[in-house]
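The model shown is predicted, which means the values in this text are computed figures rather than measured ones.
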Amino acid sequence: QVQVMESGGGLVQAGGSLRLSCVASGRIFSINAMGWYRQAPGKQRELVAAITSTSGGSTNYADSVKGRFTISRDNAKNTVYLQMNSLKPEDTAVYYCNADCAYIKGSSVARGDYWGQGTQVTVSS
């Protein structure tokens, strides 16, 4: 059906930057929105940023990352990016990509919500 794969995580010092990438592939008919979520140890998964695939790309950010993180997308490549600047130790988490999309199922189109395996981001103080 649809596969989602993240890349770009790693270890960085506080104040540094990282760029995450996520590509959706498979029998995709269209993508409604893609987003980044994160989950720190002992905490619930939370939305970091999301972007629609409509013209202009409407975005939504968690208050904790506004002004530091930027989400963008390349619709032609079914790819979404998360540029993370001024990273803080509290940004340490596994970052997951989500794709809300329509996919080809036989002779029809179905809707699905897909997750990647996650990529670790560690920010040292």
Residues Val12, Ser17; criterion side chain to side chain contact (heavy atoms under 4.5 Å, CB included); working and verdict: CA-CA 7 Å; Val12 65; Ser17 299; over 6 Å; no

Report whether Tyr96 and Leu47 are members of the same hydrophobic cluster (ILVMFWY, side-chain heavy atoms less than 4.5 Å apart, transitive linking). yes

Return a table of donor-acceptor pairs under 3.5 angstrom between the side chains of residues 118-125 and protein atoms on other chains or two or more places apart.
from   : atom 1 : to     : atom 2 : distance (Å)
Thr119 : OG1    : Gly9   : N      : 3.2
Gln120 : NE2    : Ala93  : O      : 3.4
Gln120 : NE2    : Thr122 : OG1    : 3.3

With rounding to the nearest 0.5 angstrom, report the OG1 to CG distance, Thr70 to Asn85. 6.5 Å

Quick check on side-chain contact (heavy atoms from CB on, under 4.5 Å): which of Val65, Leu82, Val94, Thr92 does Arg38 satisfy it with? Val65

Using only atom types and a distance under 3.5 Å, with no angle test, would you say the side chain of Glu6 pairs donor to acceptor with the backbone of Gln117? yes

Distance-minimising heavy-atom pair for Val4 and Cys22: CG1-SG, 3.4 Å

Please examine the side chains of Ser21 and Lys77, heavy atoms only from C-beta on, and report whether any two atoms are closer than 4.5 Å. no

Under 4.0 Å between a side-chain nitrogen and a carboxylate oxygen: does that hold for Lys66 and Asp63? yes

Do Val80 and Ile71 touch side chain to side chain, with heavy atoms closer than 4.5 Å? yes

Separation between CG of Asp91 and OG of Ser64, rounded to the nearest 0.5 Å: 7.0 Å

If we ignore hydrogens and angles and just use 3.5 Å, is the side chain of Ser86 paired with the main-chain N or O of Arg68 as donor and acceptor? no

Distance col, row Glu46:CD vs Gln39:CD, nearest 0.5 angstrom, shows 9.5 Å

So OG of Ser72 and CD of Gln83: to nearest 0.5 Å the spacing works out to 8.5 Å

Atom CE in Met34, atom SG in Cys97: separation rounded to 0.5 Å? 4.0 Å

For Asn75 and Ile31: C-alpha separation, side-chain torsions, deciding distance, then whether side chain to side chain contact (heavy atoms under 4.5 Å, CB included) applies. CA-CA 8 Å; Asn75 288 347; Ile31 296 179; over 6 Å; no

If you look at every heavy atom in Leu20 and Tyr95, which pair is closest and at what distance? CD1-CB, 3.7 Å

Quick note, ring-ring contact (aromatic ring centres under 6.0 Å, His included) partners involving residues 19-73, not counting sequence neighbours, are Tyr37-Trp115

Enumerate, atom names and distances included, each donor-acceptor pair closer than 3.5 Å involving a side-chain atom of residues 99-109, sequence neighbours excluded.
from   : atom 1 : to     : atom 2 : distance (Å)
Asp100 : OD1    : Asn32  : ND2    : 3.4
Asp100 : OD1    : Arg111 : NE     : 2.9
Asp100 : OD1    : Arg111 : NH2    : 3.3
Asp100 : OD2    : Arg111 : NH2    : 2.6
Ser108 : OG     : Lys105 : O      : 3.0

